[in-house]
Number of protein chains: 2
Amino acid sequence: MDSPYFSNNTMVYDWSMCSPETTTNTSSILNSAKECAVCGAPSNGYHFNAPSCSACAAFFRRTVTLNRNFQCAQQSICRVNYTMRVICRACRYHKCVQMGMDRSAVQPRRDCNAGRRKMLYHEIKHISSTTSTISNPSPPPPSQIPSYSSSISEEISPNLAIRNDCFEAEQLLDDLLREERLFNERRRMLYCAHSSISDLLTNDNLNDIPFTCSDLRPLTFSGIQKQIRPQILLIYEWLRGWRHFQMLDTSDRFIFLRRCVLYHTVLDPSYLTYRLGFPTKYVMFNAMYVGIDENDQTGWEDEDSCIKSELKKKLYRPLMERTINEIISAMRASNLSFVEFVFLKALVSFKASASSDISKSLKKFMHSHMDLMLKALSLHYQSLGLSKEETAQRTGNLVLMMSNVFAVGMECLESHQKIQFFDLWQLDDLLIKLINRSDR
Amino acid sequence: MDSPYFSNNTMVYDWSMCSPETTTNTSSILNSAKECAVCGAPSNGYHFNAPSCSACAAFFRRTVTLNRNFQCAQQSICRVNYTMRVICRACRYHKCVQMGMDRSAVQPRRDCNAGRRKMLYHEIKHISSTTSTISNPSPPPPSQIPSYSSSISEEISPNLAIRNDCFEAEQLLDDLLREERLFNERRRMLYCAHSSISDLLTNDNLNDIPFTCSDLRPLTFSGIQKQIRPQILLIYEWLRGWRHFQMLDTSDRFIFLRRCVLYHTVLDPSYLTYRLGFPTKYVMFNAMYVGIDENDQTGWEDEDSCIKSELKKKLYRPLMERTINEIISAMRASNLSFVEFVFLKALVSFKASASSDISKSLKKFMHSHMDLMLKALSLHYQSLGLSKEETAQRTGNLVLMMSNVFAVGMECLESHQKIQFFDLWQLDDLLIKLINRSDR
DNA sequence: CTCGGTCAACGGTCAC
DNA sequence: GTGACCGTTGACCGA
């Protein structure tokens with residue numbers, strides 16, 4: 001009664017189909033089971049918890065058991081369908097995962113001492129692969145590739161499970177770093193005043209902050225006002241870079257976007273200030289800054305037809321000071337690294353969304369996703385050679401920072417709801433829609 | 001004999017040879033499978049549906065993938081056997097087909113990263129760089145254009161449609177449509193005033209224009225001035241969506257971006273005006289419009305601290321009128337479809353860049369890329385059921401439109417170079433860098 | 001019904 | 001350009 005179907009429904013369908021129009025129509029569910037979710041070929045049922053054809057199932061099984069890691073030659077945007085499925089294996093694998101295939105559903109290598117012939121086949125394969133690796137001058141990979149020999153299958157299985165998790169975690173870190181770099185590239189193009197275009201277009205730009213000190217300009221509120229819309233777009237692009245975002249329905253996307261706009265607006269300036277401006281300049285998302293010191297009037301002056309100096313200070317100095325005291329100082333104290341910042345941003349974004357009014361199954365998925373994030377962070381620390389104590393301490397710092405970000409973010413939200421309600425100064429109308437409770 | 005193999009073989013071969021000869025003696029099938037039907041060499045089974053040796057199979061595969069067409073120096077009566085097989089390729093290929101080899105059994109190009117060495121390399125990299133992707137210099141040479149074997153089509157026979165080309169053409173159309181839709185989604189988020197956020201975030205938005213009439217607002221030059229930078233970013237994102245863009249070096253990227261900014265600035269307003277504003281409103285990229293009629297002053301008024309009405313009209317009315325007369329009217333006359341617009345945009349972008357100062361090999365690649373585009377367009381017309389005459393006529397229209405776009409674009413460029421030189425009004429500094437010859 | 005194993009037939013590679 | 005070589009794929013099977 002429960003076996004595969006029940007688990008299928010809770011794990012996959014509940015959250016991939018939480019949009020009303022799909023759940024109402026049962027035939028679409030039946031149709032989706034008849035068609036491979038990965039390549040669209042006629043499917044004969046479920047494989048590894050996703051409606052898929054046997055070919056994609058075999059592909060997925062091979063990829064997992066051999067612990068392969070593919071790299072897309074393009075930008076991980078290859079179309080995967082019946083005719084194109086063999087073109088890019090990286091994207092085919094990602095689509096398998098996206099469509100709900102579960103790495104843990106791949107069983108450990110079975111004991112195959114069923115017949116002489118099979119053993120013979122394996123021995124031959126084993127010998128030939130061994131000799132080829134020996135003849136190769138490159139470092140030998142035998143520890144990575146599972147042996148074809150069936151005799152040690154029992155010993156492999158626990159390691160294999162760990163490796164699967166590592167694989168996912170590693171992938172996650174790669175995704176997050178890629179998206180942050182893209183975000184920086186876009187910000188450079190939008191806000192940099194002095195860089196040459198060659199600097200913007202180059203491939204080698206691995207900087208973890210988008211600006212340099214020479215890009216910083218005194219803040220004007222009218223400048224912020226005009227550039228908040230592109231900034232929201234960039235946050236949306238960051239969110240879309242997350243592999244599972246496209247599977248969310250509209251209302252869940254809305255929740256995620258709202259949360260990210262709110263908390264990124266706190267986090268990004270914090271990191272920029274920590275890296276570029278502290279202790280004199282508080283740097284905003286668009287490389288504009290205000291003076292931190294009370295006597296420094298930069299950015300706090302009157303702006304005709306926009307906002308008065310007094311109101312600026314009344315509304316935003318407390319927020320700025322709280323951000324400095326509770327977030328930026330913590331970043332400085334722990335000497336926050338780029339990777340840690342990227343994790344902090346992701347954890348804040350997903351934790352905030354998971355605490356919102358989303359479907360139960362999505363909530364469950366989000367929590368396992370955050371577990372994976374912590375796992376990836378731990379692996380990162382491990383690769384840096386940190387001890388367990390240091391790892392625990394830095395992870396704890398990050399989690400403490402998260403709660404500070406939530407607190408400051410809430411104050412920021414309330415403050416802007418007040419601004420909008422009393423019309424203290426003109427906010428962008430898309431921002432208002434994201435601040436308000438209802439969507440209109 | 002080997003019972004499992006035998007049953008396997010019969011099952012597989014029955015499926016592939018579902019012909020009336022299945023009643024023939026099984027042994028004769030096995031005998032015939034033992035020797036190559038083409039050259040008589042010992043064969044190891046079926047290839048492309050004919051019992052053949054691996055050499056003849058490889059020969060057939062190369063011939064099909066490279067779409068080669070051989071000519072026999074004799075009278076197409078050459079004997080093809082084990083010793084003579086390399087003498088006449090025309091007769092060898094002919095015999096391949098005669099013996100039942102099926103061109104459609106040759107599959108599309110597979111993942112190029114799948115090679116033995118490269119795979120090993122990736123796996124090693126995978127191990128060593130668990131998390132330190134930052135320090136990874138990412139060895140694969142980006143400036144090198146890979147093999148693109150399909151572009152080496154010297155001896156093309158038009159009646160033998162290349163399967164691979166069809167795949168690539170299909171992929172190309174898909175990419176272009178996807179990028180245009182993404183472009184529209186981004187424009188909606190940047191410029192829409194009245195849509196609800198749910199409308200922006202929904203997946204089902206397949207509209208081919210980003211705005212509705214209710215989004216249109218009277219133009220202000222200061223508004224254009226402020227929003228040109230996000231627009232350049234969107235053009236950059238469009239360009240980056242092109243699969244091969246990341247393989248270009250910085251200077252080539254610069255050339256492409258310059259060309260696209262120029263011609264998209266002509267093309268996008270043209271399409272928007274044709275679809276939304278004509279004959280009263282000329283619609284810009286950000287949903288702002290000016291009046292087309294000389295008596296309609298909308299958008300042409302004085303703007304304090306930016307630009308005077310007189311200068312606006314002097315600088316931009318001629319450009320607008322030329323765009324209407326030469327481009328928009330042509331779009332209207334041919335009732336340009338969304339897909340055609342997408343192709344027009346791509347053709348203009350790539351043709352303009354290919355005519356610039358880029359490396360010879362890139363130029364060659366660009367031309368074959370444009371050929372592929374025309375092929376994809378032709379396939380699209382074919383799928384719509386258009387006759388050859390109609391296809392030729394519409395393709396001709398599109399090519400004529402291209403040259404008009406180039407002409408108007410050149411005038412637009414000169415006009416803005418003049419504006420920048422005499423400082424007639426303040427242009428965005430990134431735009432200036434893209435207009436000027438040198439990069440500084 | 002969906003696992004894993006199997007192997008003929010694919011594609012890519014690279015000395016020759 | 002050729003063909004031996006090897007890795008990958010997917011229809012098929014038993015469990």
Side-chain angles (χ1 to χ4, degrees), chain A residues 3-5 7-8 33 36 39 41 43-66 68 70 82 85-87 89 92 105-115 117-122 124-125 128-129 131-132 136 145 148 150 153, chain B residues 2-16 33 36 39 41 43-66 68 70 85-86 89 92 102 105-120 146-147 149 152 164:
Chain A
S3 51
Y5 282 112
S7 62
N8 270 344
C36 175
C39 73
S43 119
N44 50 4
Y46 282 79
H47 298 281
F48 310 105
N49 292 342
S52 48
C53 66
S54 62
C56 288
F59 169 78
F60 185 75
R61 174 164 44 89
R62 278 194 302 268
T63 305
V64 173
T65 52
L66 297 177
R68 309 285 309 264
F70 304 119
Y82 180 66
R85 61 187 171 195
V86 292
I87 300 294
R89 294 186 290 173
R92 189 184 188 185
V106 177
Q107 301 169 1
R109 191 169 279 270
R110 283 182 186 172
D111 193 17
C112 35
N113 49 6
R117 302 203 69 268
K118 288 178 184 172
M119 283 304 281
L120 196 61
Y121 172 75
H122 277 128
I124 290 164
K125 289 292 278 192
S128 66
S129 69
T131 48
S132 71
N136 198 311
I145 299 169
Y148 280 96
S150 58
S153 61
Chain B
D2 321 282
S3 50
Y5 287 124
F6 186 79
S7 64
N8 266 343
N9 285 340
T10 47
M11 289 308 290
V12 170
Y13 292 147
D14 266 357
W15 173 80
S16 63
C36 176
C39 71
S43 109
N44 50 2
Y46 280 76
H47 297 281
F48 309 103
N49 293 343
S52 47
C53 66
S54 62
C56 287
F59 168 77
F60 183 76
R61 188 180 61 223
R62 277 195 301 270
T63 307
V64 173
T65 49
L66 298 178
R68 307 202 54 166
F70 306 116
R85 62 186 175 194
V86 292
R89 291 185 290 185
R92 188 183 187 186
D102 181 7
V106 177
Q107 298 171 0
R109 271 179 79 91
R110 284 191 184 171
D111 192 346
C112 293
N113 283 342
R116 286 191 301 276
R117 306 249 166 103
K118 284 177 185 172
M119 213 56 221
L120 197 62
S147 52
S149 56
I152 327 168
N164 285 354

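Convention: sequence-line order gives letters A, B, ...; per-chain numbering from 1. Given the structure is predicted, the values throughout are model-derived calculations rather than measurements.
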*asked:* From C-beta outward on B/S54, which listed nucleotide comes closest to its side chain: C/dC3, D/dA4, D/dT9?
replied: D/dA4
Would you mind reading off the distance between [X] atom [atom1] and [N] atom [atom2], rounded to a whole angstrom?
| X | N | atom1 | atom2 | answer |
| --- | --- | --- | --- | --- |
| B/L66 | D/dG1 | CG | C1' | 10 Å |
| A/R85 | D/dT8 | CZ | C1' | 13 Å |
| A/F60 | D/dT9 | CZ | C1' | 17 Å |
| A/I87 | C/dG11 | CD1 | C1' | 11 Å |
| B/R92 | D/dG3 | CZ | P | 5 Å |
| A/F59 | C/dT2 | CZ | C1' | 19 Å |
| B/H47 | C/dA9 | NE2 | C1' | 7 Å |
| B/N44 | D/dG3 | CG | P | 14 Å |

*Examine the base of D/dG3 for any acceptor or donor lying under 3.5 Å from a partner atom in the side chain of B/R61, and report the outcome as yes or no.*
no
*Does any donor-acceptor pair link the side chain of B/R62 with the base of D/dG3 at a separation under 3.5 Å?*
yes
*Using a heavy-atom cut-off of under 4.0 Å over every strand shown, decide if B/R89 touches base, sugar-phosphate, or nothing.*
sugar-phosphate
*Distance-only, no hydrogens or angles: does the B/T63 side chain make a donor-acceptor pair with backbone N or O of B/R61 under 3.5 Å?*
no
*Mind checking whether A/F59 and A/F70 have parallel, tilted or perpendicular rings, split at 30° and 60°?*
parallel
_Taking every non-hydrogen atom, the tightest pair across A/C36 and A/C56_ = SG-SG, 3.8 Å
*asked:* Within the structure provided, determine whether B/F60 and B/V106 are in side-chain contact (heavy-atom separation under 4.5 Å).
replied: yes
